[in-house]
Colleague: 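Mind looking over this structure? Questions follow.
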There are 2 protein chains.
Amino acid sequence: MNIYEVAKKAGVSIATVSRVINNSPNVRPETREKVEAALKELNYRPNAIARSLAANTTKTIGVLASDVRDSYYANAVYILEQEFRMMGYDMILCNTGGELEKRKKYMGLLLEKKVDGMVFVGSVFKEKKDNTHIMDVSEVVPVVMLNSSLQGNNIYSVVCDDQLAAFKVVESLASRGHREIAYVYDVDSFSGLAKLNGYYSGMQAAGLPIRQEWIIRTESGINGGYMALIRLMEMQASCTAIFTSEDILAAGILKGLLAKGKKVPDDVAVFGYNDSVLARCTTPELSTVDNKVGVLAREAARMLCKVLDGEDTPHHKIIEPELVFRESCP
Amino acid sequence: MNIYEVAKKAGVSIATVSRVINNSPNVRPETREKVEAALKELNYRPNAIARSLAANTTKTIGVLASDVRDSYYANAVYILEQEFRMMGYDMILCNTGGELEKRKKYMGLLLEKKVDGMVFVGSVFKEKKDNTHIMDVSEVVPVVMLNSSLQGNNIYSVVCDDQLAAFKVVESLASRGHREIAYVYDVDSFSGLAKLNGYYSGMQAAGLPIRQEWIIRTESGINGGYMALIRLMEMQASCTAIFTSEDILAAGILKGLLAKGKKVPDDVAVFGYNDSVLARCTTPELSTVDNKVGVLAREAARMLCKVLDGEDTPHHKIIEPELVFRESCP
DNA sequence: CTGAAAGCGCTAACAT
DNA sequence: ATGTTAGCGCTTTCAG
């Protein structure tokens with residue numbers, strides 16, 4: 001079933017059929033009706049591949065995220081898909097994992113599939129040294145980075161101000177009388193660094209002592225948090241508050257604290273990051289940072305669509321995070 | 001940059017270039033080298049769209065899931081993508097939400113994009129009355145259903161035996177001396193019904209009294225669980241165990257129980273479903289059913305790939321769930 | 001082993 | 001307002 005058969009049945013040329021399909025205004029109403037009748041009758045469905053080849057646009061976006069099983073990425077991917085869909089785009093999803101080489105491979109594959117644009121979800125996409133692979137991609141299609149950024153002609157970014165968020169967390173912890181605040185994190189990506197910086201500057205601004213041994217890098221996941229807490233305990237840390245870069249780490253810390261007989265928040269206050277469902281499932285519930293992943297995703301999608309529509313849009317947007325106070329630090 | 005330029009540079013015909021790209025054996029080694037040199041030099045990248053049009057296969061699979069933000073779907077989507085990728089397929093992801101009409105629309109769009117096959121994730125995809133839309137799709141491309149099933153020539157399915165799982169949960173609760181077991185669930189999809197049936201038959205097999213008012217349908221999410229518990233409390237239910245169709249409901253129930261001053265598992269045992277990360281974040285940690293979504297997804301992907309390769313494969317696979325005992329029901 | 005040529009189904013000038 | 005036609009970049013007979 002193709003445009004030719006429809007044309008034959010309707011007694012018109014394929015150009016006319018194409019016109020009514022793409023509802024071009026230049027078609028006489030009667031003609032349009034004839035064609036539409038044929039369309040119905042033959043149960044015609046346009047072939048998007050052929051259209052892509054001819055029109056040189058696939059109406060599909062490539063989305064790279066390291067792992068959708070992480071709720072942050074899942075949220076981003078969900079919103080991206082909804083937004084793109086609304087604008088008539090499909091989304092090819094790639095879970096790239098951590099390795100640079102794998103990511104490069106995915107970018108290549110997406111380029112072969114002729115996606116109209118790409119979005120990279122997460123600050124892990126910005127390499128410390130060399131980002132030429134991203135620059136290369138951006139020579140071909142527009143790129144938007146969600147929660148990391150890179151300077152470039154055809155590169156756009158929308159980020160949450162994680163440094164500010166961390167700063168504020170420390171600030172409000174300090175205002176609650178905490179002077180000894182530990183920080184536990186897992187990765188030192190772009191946003192990981194921003195948070196760490198926020199912690200430092202927050203401590204400084206509040207005039208609190210920074211103790212390097214209380215800044216702990218641990219593995220990802222609930223166990224990472226647990227182990228960090230154990231380490232803190234073993235060094236008899238006197239901290240009265242623990243701030244983490246991820247809710248899941250905070251969950252592990254809560255577990256450890258419980259095991260050690262510490263009361264939260266009375267003995268130790270705990271602050272998470274992400275405002276994931278997790279934060280409402282722990283006991284006590286977690287105070288956390290809402291880093292607005294939904295907003296970031298929506299903005300990212302809209303930016304890309306604008307670029308593709310030839311409208312202009314700022315290359316960089318910053319979204320303000322928000323602190324959410326729950327039981328672990330009321 | 002296309003096959004013509006490569007051909008010119010290598011001094012061969014486009015057919016030959018095509019052959020070396022698809023490494024057909026019928027190419028003289030020297031010729032192959034010449035072509036490969038040109039490929040390198042021109043930095044050639046095949047155009048997958050053109051290839052799709054000519055070869056009548058896109059090497060992409062359409063995946064429908066109601067919402068990737070739910071960790072069950074996220075897990076499925078992740079594994080599907082990894083497996084398909086390994087076999088050389090990309091994946092277009094659609095979050096269909098709950099409405100039938102929306103799902104139909106997505107199926108149509110995927111058909112236009114000429115996906116080579118589709119997978120429907122979740123038992124919500126089987127409608128109670130009319131599944132002709134799925135049959136229609138299966139006329140065009142093979143369909144595999146993940147955790148629901150439908151009879152059909154070109155339809156494949158892999159399901160977890162949720163009924164068995166629920167049966168076993170009740171059985172083991174009974175063996176721990178529980179005689180009064182409540183059941184809380186949110187949706188009555190294919191698998192929702194299976195679980196409910198398992199609960200019934202488990203209760204019967206154990207000779208326990210079934211009380212309709214202890215079988216509670218509530219809304220999805222942590223609040224749904226909380227509210228169900230409150231209802232139970234208001235009717236002064238004497239149940240000593242509560243089984244839920246989702247971990248997140250169990251989390252809400254735990255919250256409610258805590259609020260009401262009940263000890264878990266001493267006063268009331270709680271059993272969840274899914275073995276999500278959640279189950280390890282609550283206090284106490286949740287006993288739950290591992291319904292093997294990763295295995296389902298892997299099998300689903302492999303089935304589809306086999307079908308696409310023309311190999312044969314059973315139309316239906318059943319995976320056995322596994323109970324995981326943690327603190328909420330040791 | 002290699003090349004010529006006919007599509008795949010559609011869009012987009014360009015004519016009429 | 002409608003039709004003709006030349007691609008889009010590749011695969012795939014079919015000859016040679």
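We name chains A, B, ... by the order of the sequence lines, and we start the count at 1 in each one. The structure presented is a predicted model; accordingly, all values stated were derived computationally and were not measured. The analysis underlying the following values was restricted to heavy atoms, covering all of them including side chains, and did not include hydrogens, waters or symmetry mates.
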Colleague: Within a reach of under 6.0 Å around NZ of K105(B), are more than 12 heavy atoms found that belong to other residues, nucleotides or ligands?
Modeller: yes

Colleague: Quick one: do R302(A) and E299(A) make a salt bridge, cutoff under 4.0 Å?
Modeller: no

Colleague: Between S24(A) and N22(A), do the side chains contain a donor N or O and an acceptor N or O under 3.5 Å apart?
Modeller: no

Colleague: Return yes if some donor-acceptor pair links the side-chain N/O of D116(B) with the main-chain N/O of I61(B) below 3.5 Å, else return no.
Modeller: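 Checked: no pair found.
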
Colleague: Base contacts versus sugar-phosphate-only contacts with protein, heavy atoms under 4.0 Å: please encode nucleotides 1-8 of chain D as B, S and - from 5' to 3'.
Modeller: SBBBB-BB

Colleague: Let's see if you get this right: which residues in residues 34-45 of chain B place a heavy atom under 4.0 Å from DNA chain C?
Modeller: none

Colleague: Earliest and latest nucleotide of DNA chain C, 5' to 3', sitting under 4.0 Å from a non-hydrogen atom of chain B?
Modeller: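 Span of nucleotides near chain B: dC1(C) to dG9(C).
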
Colleague: I need the minimum non-hydrogen distance between S149(B) and H316(B), along with the two atoms involved.
Modeller: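 Closest pair (atom of S149(B), atom of H316(B), distance): CB-CE1, 3.5 Å.
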
Colleague: Report yes if some heavy atom in the side chain of N291(B) is under 4.5 Å from a heavy atom in the side chain of N147(B); otherwise report no.
Modeller: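 The answer is no; the side chains never approach within 4.5 Å.
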
Colleague: Inspect the contact between E112(A) and K59(B) and indicate whether a charged nitrogen and a carboxylate oxygen are less than 4.0 angstrom apart.
Modeller: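 Salt bridge flag = no for E112(A) with K59(B).
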
Colleague: Among L150(B), V143(B), V144(B), which residue meets the side chain to side chain contact (heavy atoms under 4.5 Å, CB included) test with Y156(B)?
Modeller: V144(B)

Colleague: With rounding to the nearest 0.5 Å, note down the distance linking CG in D130(B) to NZ in K128(B).
Modeller: 13.0 Å

Colleague: I'd like to know if the side chain of H315(A) reaches the main chain of S157(A), judged simply by a donor and an acceptor atom lying under 3.5 Å from each other, with no hydrogens or angles considered.
Modeller: no

